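First the structure, in the form of structure tokens, and then the observations on it.
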Amino acid sequence: MYKLKSFANGFDYIEVQNTASSAKIALQGAHIFEYKREREEDILWLSQESDFQKTKAIRGGVPLCWPRFGSLDKSLPQHGFARTMLFELLEVKEIHEGKTQLILELRDTKESREIWNFSFKLQMKITIAKSLTMQLTTTNLDTKEMFLTQAFHTYFNVSDISDVTIIGLQNRHYFDALVDEEFTQNAEIRFTQEVDRVYQGVNAAVVLEDKRRSISIKSSGSSSVVVWNPWIEKCKRMSGMQALAYKEFVCIESANAFDDFKSLKAGESHRLETLIC
Ligand code: TA6
């Protein structure tokens, strides 16, 4: 079952409910801001200060970083513009009683071409079941080559950040954005300070171990993963976050970031896919 709904301010979203799970997806940014499995806490964290204002990115859920991850390209907003643009809902398919698939699409507009002069098609396919599958396919409809970095900037709900371990990134090289230096990850990741890292050469599932559950994040079309928690001081400076919000989430972001960028010739496509289960 699914319903098209709007908040009082006209912010449109789709509510999905099936026998295995439920979800809410904003048309703006094709932004999944709720995903729950039957009889479980929300898998995704959503800030209590999220006010669902048009053209303002939702804090939490799965913001789409596209056509850039990060802020290296000063001609574009941090993490690109897709997360604040209105996608078109093309299709909702109830595959079976426990699996619902949605397809949303964004095409270039006069506004987008003013800040990023490309014709493109961006399609987000979301499968809501006892697992969550996200497929983001970029097609270069322009005549010139397209440089692309991107990420599913997923905020995972955790019992308490100090109870969290991230497994599967051992021995991977990473860029530490806090000190602009490269390191190698030795042990499993625990949190005792701000962490903002881009891991490269990732080709296996990453596991989020929390006190109450274990979540696997497996990607294809990607070999980079971003791990972020703002910790105490940065959290106080973050927009749309309460001061203690850092305790409640960790971002594990399947990406094409930094060295894992993609370059699409005219007519070429690339799909970034992530399975969360
Ligand atoms: O993915 C980590 C990061 O790049 C952090 O440096 C922090 O800026 C975070 O994204 C949130 O960015 P946003 O633009 O959503 O406030």
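Computed from a predicted structure; not experimentally measured. In each ligand, atom 1 is the first atom listed, and ligand 1 is the first ligand listed. Numbers for residues simply follow the sequence, beginning at 1.
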Ligand 1 atoms nearer than 4.0 angstrom to some heavy atom of M238 are 11 (C), 16 (O)
Over 60° means perpendicular and under 30° means parallel, so classify the ring planes of F175 and F258, tilted if in between.
perpendicular
Taking only non-hydrogen atoms of V226 and a 4.0 Å limit, the atoms of ligand 1 in range are 1 (O)
- Task: Compute both the distance and the angle, then confirm whether K54 meets the cation-pi test with F11: under 6.0 Å from the six-membered ring centre, within 45 degrees of the axis.
- Result: no
heavy-atom search around atom 3 (C) of ligand 1 in the protein gives H79 NE2, 3.8 Å
Open item on the list: Do the side chains of E41 and R212 get close enough for a salt bridge, i.e. N-O under 4.0 angstrom?
Closed with: yes
Closest to atom 13 (P) of ligand 1 (heavy atoms only, candidates H153, R59, M241, E253) is R59
- Message: Would you say Q200 and D259 are linked by a side-chain donor-acceptor pair, where the criterion is simply a distance under 3.5 Å?
- Response: no
If we number the atoms of ligand 1 from 1 as shown, the ones under 4.0 Å from a heavy atom of F69 are 1 (O)
Looking at D196, I58, L178, the heavy atom closest to atom 6 (O) of ligand 1 belongs to D196
Here the gap from Y246 atom OH to W231 atom CH2, rounded to the nearest 0.5 Å, amounts to 5.5 Å
Is there a nitrogen or oxygen of W228 sitting under 3.5 Å from a nitrogen or oxygen of ligand 1? no
If the plane angle is over 60° it's perpendicular, under 30° parallel, otherwise tilted; pick one for Y174 and Y199. tilted
Rounded to the nearest 0.5 Å, the CG atom of L178 sits from the CH2 atom of W228 at a distance of 11.0 Å
re atom 15 (O) of ligand 1, the protein heavy-atom contact at minimum distance is R83 NH1, 2.9 Å
heavy-atom search around atom 12 (O) of ligand 1 in the protein gives Q78 NE2, 3.1 Å
